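Working notes, structure below.
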Amino acid sequence: MRALHHLAEAYGIQTTYLNILDGRRRQASPEVLLAVLHSLGAPLTRAEEAPRAVRERRQQIYRRGPEPVAVAWDGRGATIKLRLPAGKAIRSWLCTLKLENGEERVWEVKPGRTEPALDAKKVSVEGNPYWELDMRLPRDLPFGYHTLSVEAGKHFYRALVISAPRKAFVGSGVSRKKSWGVFIPVYALRSDSNWGVGDFGDLKELMEWVHGRGGSLVGTLPLLASFLDEPFDPSPYSPVSRLFWNELFLDLNRVPELERCPEAQNLVASGDFQSELKELKSHSLVDYRRAMALKRRALEPLARTMFARPLARQQEFFGYVEAHKDLQDYAQFRATCDRRRSSWWTWPQPLREGKLSSGDYDLEAMRYHLYVQWLAEEQIRSFAKGCDSNGEGLYLDLPLGVNSDGYDVWRERPSFVLDVSAGSPPDGFFTRGQSWGFPPMHPEKMREDGYAYLRKALHHHLAHACVLRIDHVMGLHRLFWVPKGFEPRDGAYVKYPAEEMYAILALESVRNRALIVGEDLGTVPGYVRPALARHKVQRMYVLQFEVAPDEKRTLPSPQEDSLAALNTHDMPPFAAFWEGLDVQDRVDLGLLDKEGAITELKNRSKLRNTLVRSLCADGRKQGNPSIVDVLKASLEFLGRSRNRMAMVNLEDLWFEKQPQNVPGTCEERPNWKRKARYSLRQITEMAEIGEMLATLDSARHKKEV
């Protein structure tokens, strides 16, 4: 058993973790360790094979030469670990660092005898001699991704050197002022012009209205491509890809091709189409299948129009496709999905392995997917940040995972671990643990690939976002892996190379002048928040989590480097929280028994008292303040505090009681479907909403608390 634990640690698996329910250390079972080790590529099937696997692991590490990645913080003072064969014929190693701009820096290493080598020593690994040393990298490296080559004779190795600022972008001058914004899912927006689901036109109009009232940000759920046919999964946190947009949100009224496409015009004007459109708009829930089918019927002739005529826009379109190398591959994948209407896991072997030919999909379908991605990029670019956005614009969300049936897992398969699911161990809310159903990234494969996929995902979002939220930021440090066939409570934490990913976040943040927010809610190890502070990644302050039922404890203020909000999309709205409606909902779902509900409601009463005592102590609000008074006081508190950003859920301003998502449910609740109670025009004209936002705006300019 000791050898198995030693092997697990060699692969970055935590063999024990703190059980939140009872405060004791829980040890992963041998069966779980074996399953997780196997998923990581360890050469064993039984615990008895662990000693041999430990030796093979050590050989594997030494055979790869340099560590795959090194970080030069602020461009200087970096070293990289080298493990090199120590044969008699090899007396020196030629090192070449090719900078991102094409410049090269060349030097020679003679282990134990040259300045770049630190603490060189000879070691024997299974009878083979190696040099092990720390090599200094050149100083004053420009920020960027640089390639290190190490060679001698037939031996040749490569590594990635990330030269990055230690701190993410925080703004300067005017752009460092305290800002505020609103949050609402795009799909929830109602308007006279949309087609039964909110679109980019609605989002643009909302942003203009918020900016006109003094706000800087509009936040929403992920806008990424989803399966809205077969397979079907509308969850914004289970996207087809983190590299492409969801064409469902296209505003057809803003597509230039509509003006020169009689086929589409006649289709949209037809009685059947208008009848379907009217019905979709009347529903209180988004019907994703029907809405996407209707929108695609109009988009397909527009795509044909684009390809039919060699106009200036066509040249712009072809230029975009040429500049985005992954787009053609993505479009072919989606077109193949359209034809087969099934997960790629069921496709014939060549297709399943990523080898598509023109006969595997319809050309027109492939062109459709090229076209709608270009349109989405064009529409988002029309209202998202420019080079001098000063922190005003979109607040986007980068989900932790992707759909296992989707493009990213199909194409980037080596970077994903397919026989486990990411999740979380039991806690006070989910006493049986959680299995989120998506495959986690492979920590070593990510490094060996130079984090190419992560970098592409960040590029995709930061080209338009002035603020990017990193879902479950603890995943930069570790993730709970649940092997297939095991219960969610039976898993193990796997470590990730956090500092290397912070380097990429900081570099991309500074390059794109965008703030990074780390969603640090739930079970947060003690080392995560110091890391966020060290790298100026904004943390989250959520009032519902911060208020305590202790009558002696006042409400703590948000930290300076934070985004503060009343709640999140995974929590009950303010009014439901105030009335304790979520407690009864947990009882109805079987997540809480009656005795537990009584305890929860007593605690909720204490939480309300704490809020009133902390926020409504002035003479105007003494006594028995109304929920309106408490909400306004809460906004004043978030506004006056030193936090960098304050966000408010628009639905809280009209005291909505229904949540957008109830974690742990699928069909039981209409997650990701509920439209806003009011239309966008009504929202912008409601005096009560205007007054609440004016309160927040005014508080942002007052002295900090």
Side-chain angles (χ1 to χ4, degrees), residues 8 10-13 35-45 53 56-57 59-61 63-70 145 147-148 156-160 162 224-225 238-244 325-330 332-334 336-337 343-356 398-422 436-460 475-476 478-479 481-484 492 494-498 500-501 504:
Y11 275 90
I13 303 171
V36 174
L37 280 165
H38 184 266
S39 70
L40 283 166
L44 83 167
T45 56
E56 291 192 25
R57 174 63 173 170
Q59 291 179 74
Q60 179 190 47
I61 291 172
R63 283 196 297 263
R64 71 186 181 192
E67 282 294 305
V69 179
Y145 304 103
T147 302
L148 174 68
F156 182 82
Y157 308 97
R158 285 189 187 277
L160 173 69
I162 307 170
L224 296 166
S238 183
V240 172
S241 173
R242 292 191 288 185
L243 310 178
F244 300 97
K325 301 300 182 183
D326 292 332
L327 179 53
Q328 187 101 4
D329 189 51
Y330 168 78
Q332 292 171 356
F333 171 83
R334 292 304 301 266
T336 305
C337 290
S343 167
W344 63 263
W345 292 80
T346 68
W347 295 355
Q349 185 68 16
L351 282 65
R352 193 164 64 246
E353 295 304 315
K355 299 173 183 177
L356 299 179
L398 181 66
L400 176 65
V402 290
N403 195 306
S404 61
D405 295 330
Y407 170 76
D408 290 2
V409 177
W410 175 77
R411 176 51 69 205
E412 306 283 349
R413 204 163 322 166
S415 294
F416 289 91
V417 185
L418 302 182
D419 51 359
V420 300
S421 167
W436 296 327
F438 60 80
M441 302 291 290
H442 194 300
E444 288 193 2
K445 300 296 184 183
M446 291 169 62
R447 301 183 76 213
E448 292 169 1
D449 193 38
Y451 295 101
Y453 171 70
L454 173 62
R455 288 154 56 184
K456 286 189 290 188
L458 290 172
H459 291 163
H460 179 65
L476 298 180
R478 68 176 192 179
L479 266 180
W481 288 18
V482 181
K484 288 187 177 178
V494 175
K495 299 177 185 176
Y496 284 76
E500 294 171 6
M501 288 189 279
I504 294 171

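As a basis for the values below, the full set of heavy atoms in this structure was taken, side chains included, without hydrogen atoms, waters or symmetry mates. Predicted, not measured: the structure shown is a model, and the values here were computed from it. Heads up: numbering here begins at 1 and tracks the sequence.
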Legend entry - Residue pair Glu412 / Asp449: nearest heavy atoms and the distance that separates them: OE1-OD2, 4.5 Å
Legend entry - Test item: Lys355 side-chain N/O and Gln349 main-chain N/O as donor-acceptor pair under 3.5 Å: no
Inset, instruction - Quick one: list whatever passes side chain to side chain donor-acceptor pair (under 3.5 Å) with Lys495, sequence neighbours left out. - result: none
Legend entry - CE-CZ distance between Met501 and Arg447, expressed to the nearest 0.5 angstrom: 10.0 Å
Inset, instruction - Take the angle between the ring planes of His460 and Phe244 and call it parallel below 30°, perpendicular above 60°, tilted in between. - result: tilted
Legend entry - Over 12 foreign heavy atoms within 6.0 Å of NZ, Lys445: no
Legend entry - Ile504 vs Tyr145, side-chain contact (heavy atoms from CB on, under 4.5 Å): CA-CA, chis, key distance, verdict: CA-CA 9 Å; Ile504 294 171; Tyr145 304 103; 3.5 Å; yes
Legend entry - Close side-chain approach of Glu500 to Met446, heavy-atom, < 4.5 Å: no
Inset, instruction - May I ask you to decide if Met441's main-chain N or O and Tyr496's side chain share a donor-acceptor pair within less than 3.5 Å? - result: yes
Legend entry - Donor on one side chain, acceptor on other, Arg57 and Gln60, under 3.5 Å: yes
Inset, instruction - Measure the shortest side-chain to side-chain distance between Tyr453 and Leu243 over non-hydrogen atoms and say whether it is less than 4.5 angstrom. - result: yes
Legend entry - Lys NZ or Arg CZ of Arg411 over Phe333 ring: under 6.0 Å, within 45°: no
Inset, instruction - Find the distance between CZ (Phe416) and OG (Ser39) and round it off to the nearest 0.5 Å. - result: 14.5 Å
Legend entry - Val402 and Tyr407, any side-chain heavy atoms less than 4.5 Å apart: no
Legend entry - Closest heavy-atom pair and its distance - Asp405, Trp344: O-CD1, 2.9 Å
Inset, instruction - Write down the atom of Pro483, the atom of Val36, and the distance for their closest heavy-atom approach. - result: CG-CG2, 3.8 Å
Inset, instruction - Taking all non-hydrogen atoms of both residues into account, name the closest pair between Leu351 and Trp410 and its distance. - result: O-NE1, 2.9 Å
Legend entry - Distance, nearest 0.5 Å, that separates CD of Gln332 from CG of Leu327: 10.0 Å
Legend entry - Between CG on residue Leu44 and CG on residue Leu37, distance to nearest 0.5 Å: 6.0 Å
Legend entry - Closest heavy-atom pair and its distance - Pro443, Pro497: CB-CD, 4.2 Å
Inset, instruction - Could you tell me whether the side chain of Trp347 and the main chain of Glu353 form a donor-acceptor pair under 3.5 Å? - result: no
Inset, instruction - Compare all side-chain heavy atoms of Leu398 with those of Leu458 and state whether any distance is below 4.5 angstrom. - result: yes
Inset, instruction - Check whether any side-chain heavy atom of Val240 lies under 4.5 Å from a side-chain heavy atom of Arg334, and answer yes or no. - result: yes
Inset, instruction - Measure the spacing between NZ of Lys456 and NZ of Lys325 and express it to the nearest 0.5 Å. - result: 13.0 Å
Legend entry - Spacing of Ile162 atom CD1 and Tyr451 atom OH [to the nearest 0.5 Å]: 6.5 Å
Inset, instruction - Please examine the side chains of Pro440 and Trp481, heavy atoms only from C-beta on, and report whether any two atoms are closer than 4.5 Å. - result: yes
Inset, instruction - Check Pro43 against Glu56 and note the closest heavy-atom contact, atom names and distance. - result: CG-OE1, 3.3 Å
Inset, instruction - Taking the side chain as every heavy atom from C-beta outward, state whether Pro439 and Val409 have any pair of such atoms under 4.5 Å apart. - result: yes
Inset, instruction - Answer yes or no: is there a side-chain heavy-atom contact under 4.5 Å between Pro399 and Leu224? - result: yes
Inset, instruction - Would you confirm whether Arg242, through its side chain, and Leu400, through its main-chain N or O, come within 3.5 Å as a donor-acceptor pair? - result: yes
